[in-house]
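Structure, as structure tokens:
Computed from a predicted structure; not experimentally measured. Note that ligands are numbered from 1 as they come in the structure, with each ligand's atoms numbered from 1 the same way. Excluded from the calculations below are hydrogen atoms, water molecules and symmetry mates; all remaining heavy atoms, backbone and side chain alike, are included. Heads up: numbering here begins at 1 and tracks the sequence.
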Amino acid sequence: MLTVEVVVVGPLETNCYLVCDGNSCVIIDPGDEAEAILNTLGNRRVLAVVATHLHFDHVGAAKELTDSLGVPFMVHKLDWELRDAFNELAVRWGFARPELPEPVFIDEGSKLPLDLKVMHTPGHTPGSISIVGDNFVITGDTLFAGSVGRTDLPGGDVDRLRDSVCRLYRELPDDFIIYPGHGPYTTVGEEKLNNLVIPMEACLGEGRAQFI
Ligand SMILES: [Zn+2]
Ligand SMILES: [Zn+2]
């Protein structure tokens, strides 16, 4: 049974998650405040640092952590290719340009440590991924409680975001917990019904059109 802990970090209040099986952990989205993350970690061992996507508010402490812990940094290649554009965004918004570690690329179907699985869920960024555990999914900025990620930043695509959110609804059980990149957790069933931007109803457009 995996445990999930959240450390809220940085000026954009990013959820950094520690997913652990006993004393072995994976750090997901270390946006900032490496020290706070390490304090929460305590004596447990880290196997990898994973980014749901490469926006600065999700990777600001990645280099510091992978350097000090000696573990790989895992990210989707399509976001790595946009890293300069993403880092420019940080500077334009008045934040520090993140220093990034050398990546190991992961994609749909990649198996992460602790038997976590990768779903490629593009739209917020081309390389956005969701990380699936035994009864939860970590969705980054793809899907939030009541909302979805913005698509007006470099590489964003509203149609692909809708397809990705609909895929999460279709492929994951209703009682799966959604741990998003910002804000409170929710469940797949709750968002299917009550998400204000893309509820399940918005995924049925094609099917409905056939009946008209
Ligand atoms: Zn983002
Ligand atoms: Zn974010």
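Side-chain N/O atoms of His182 and Asp57 include a donor and acceptor closer than 3.5 Å. Between the side chains of Thr142 and Thr139, no donor-acceptor pair of N or O atoms lies under 3.5 Å. A side-chain donor from one of Ser130 and Thr121 sits under 3.5 Å from a side-chain acceptor of the other.
The nearest N/O/S atom of Asp141 to the Zn ion (ligand 2) is OD2. When the Zn ion (ligand 1) is compared with the N/O/S atoms of His55, atom ND1 turns out nearest. The nearest N/O/S atom of Asp57 to the Zn ion (ligand 2) is OD2.
Among the backbone and side-chain atoms of His124, an N/O/S atom is found under 2.8 Å from the Zn ion (ligand 1). The Zn ion (ligand 2) has no N, O or S atom of His53 under 2.8 Å away, backbone or side chain.
The one candidate from Leu112, Val49, Val26 that meets the side-chain contact (heavy atoms from CB on, under 4.5 Å) condition with Met74 is Leu112.
Heavy-atom contacts from other residues, nucleotides or ligands closer than 6.0 Å to CZ of Arg44 number more than 12.
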